[in-house]
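Quick notes on the structure that follows.
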Amino acid sequence: MAIQPRTLKGFRDTLPQDMKPRRAMLQTIEGTFARHGFAPLDTPALEYAEILTGKYGDEGDKLLYRFADHGERQVALRYDLTVPLARVVAQHRGALPSPLRRYHIASVWRADKPQRGRFREFMQCDVDIVGATGPLADAEVLSTGLSVLADLGVTGACIHLNHRGLLSALLSHAGIAEPRMQLHALRAVDKWDKVGEPGVRRELAKIDDLPAGAPDRLLQALETVADTPEATLDALEALLGEVTAIDRLREVLALLAAAGHAGGVTIDPTIARGLDYYTGVIYETRLTDAKVANMGAVMSGGRYDELIGMFGKEQVPAVGISLGLDRLLAALRELGLVAEASQGADAFVTVFNAAGRLDAMAVAAELRAAGVATEVATLEGKLGKQFKRADRRGCKVALVVGPDDRDAGQVVVKDLRRGAQHKVARGELAAAVSDILRQG
RNA sequence: GUGGGUGUAGCUCAGUCGGUAGAGCACUGGUUUGUGGUACCAGAAGUCGCGGGUUCAAGCCCCGUCACCCACCCCA
């Protein structure tokens, strides 16, 4: 009985042709993180379930992959990289610098129902600053995120910036005080970008016992959007009075502008964020192209000053941002912005006949020593077949060492893209091949 | 968890009024054996997701089921 080859729902194989652009993205991201002064950290995929539960809210808890291991321990796959970081900080406080700037690039798992741009296993790229409460840390993290997008060549992206304190002020302004009502109201508000003002109004109408006039006051405030982020904040302040959250947002905007990131950020009071642990600034990044605008956020995060304290006696402030690599890649692919990379080697060494195997291996070794990505024909047979194979997989140069060539101490170097070929002495082989490759 | 859509060759899909299977790409071989891309010829490849029902006859109609996709919810 044959075993049917298949993958779990929401889990995917990444084939070589897809790995190349993915690796390139990862390399860029890691470089940008390092350039912004973040150091790498890694943690286990599996945690004690109690570490993770209760940190993300009810919705999050439902999406945790959890099970009992062989020793009957309750364990869970990490749901994000933030809670594991909080655990690490609480556990290794003495061994870590403060403030801690770490980046973490790793897979996370969520038992979500898969859909477009949503997977059960996906890679997150996080930077966080632990141990600093001020606006500089917020701005550093956001600045790094914006730099990453720029370095990846993502143009149509916008960070929607908000603050939990601003949301609270909005809710009290609207007269919504009871926690359950606040939760529902926030949930309604969060849908703004999808259903618009009428939709949010409809959602608000569903909440029991909402004070009369609350929806109007809330919606009026939410529509306070001016031409510039700064003007939006001014308008909100005029409506709500003095709110420390507004001052904080103003500072962050100024700091980002000083870093050259003035564009790319907007104030959006409808950003709510479902994750429970956020306490200060919060943000989501959306792609502006309509084709992928509904794919959801590609880079989000915020300040979480009370999460680490849940693991110990010490309250440690932190702020971070998380880029969803797989979703971003999927979106860029849909927009046709991912180059279909040729896969594999640049040079292909043919094997003339059984006696020529030794020559092929020797030639390949020379090229590899010179840094040329080289493949030896592992399926022998007619030369024509081998050339065809070399061409199919996008090799740029083919090498032939026939009996005559060997006697003459030469190698045939063929430029597959132009069709030209010539014989070179063995000693000049690497130079000749590099020459062709350099012609692009 | 709720709603919608789709399941036919490795991939993308066509398949009319029900009459038991097709294309393109990919793959293999060939067009006289030291040369690929283009062209031409040939070949291999399908329990039509699975189970049941209606019918002389089902890829097509009906019921069930599973899987995948999309949307809601939530999120990266």
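Values below: all heavy atoms of this structure, side chains included; hydrogens, waters and symmetry mates excluded. Chain letters run A, B, ... following the sequence lines, proteins first, then strands; residues in each count from 1. Computed from a prediction, not measured in an experiment: that's the story for all the values here.
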Under 4.0 Å protein heavy-atom contact, by nucleotide of nucleotides 37-44 of chain B - B base, S sugar-phosphate only: B-------
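- Here rG30(B) is the nucleotide among rG34(B), rA76(B), rG30(B) with the atom lying nearest to any side-chain atom of Lys385(A).
- Donor-acceptor pairing under 3.5 Å, judged by distance alone, is present between the side chain of Gln421(A) and the base of rU35(B).
- Salt-bridge check for Lys55(A) with Asp80(A): failed, with every basic side-chain N at 4.0 Å or more from each acidic carboxylate O.
- Closest to the Asp404(A) side chain, of the nucleotides rG34(B), rA71(B), rA76(B), is rG34(B).
- Picking from rA76(B), rG34(B), rC74(B) the nucleotide with the shortest atom distance to the side chain of Gln124(A) gives rA76(B).
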When Watson-Crick pairs (N1 to N3 and N6-O4 or O6-N4) and G-U wobble pairs (N1-O2 and O6-N3) count only below 3.5 Å on both distances, what is the dot-bracket string of RNA chain B, with | for other-strand pairs? (((((((..((((.....[..)))).(((((.......))))).....(((((..]....))))))))))))....
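- Evaluation of Phe122(A) against the base of rA76(B) yields a stacking contact (centre distance < 5.5 Å, interplanar angle < 30°).
- In this structure, Tyr103(A) has its ring center at least 6.0 angstrom away from the ring center of Phe38(A).
- For RNA chain B, none of the residues of residues 146-156 of chain A falls under the heavy-atom distance limit of 4.0 Å.
- For the pair Arg389(A) and rG36(B), the criterion of a side-chain N or O lying under 4.0 Å from OP1 or OP2 is not met.
- Using a 4.0 Å heavy-atom cutoff across all strands shown, Met123(A) reaches no nucleic acid atom at all.
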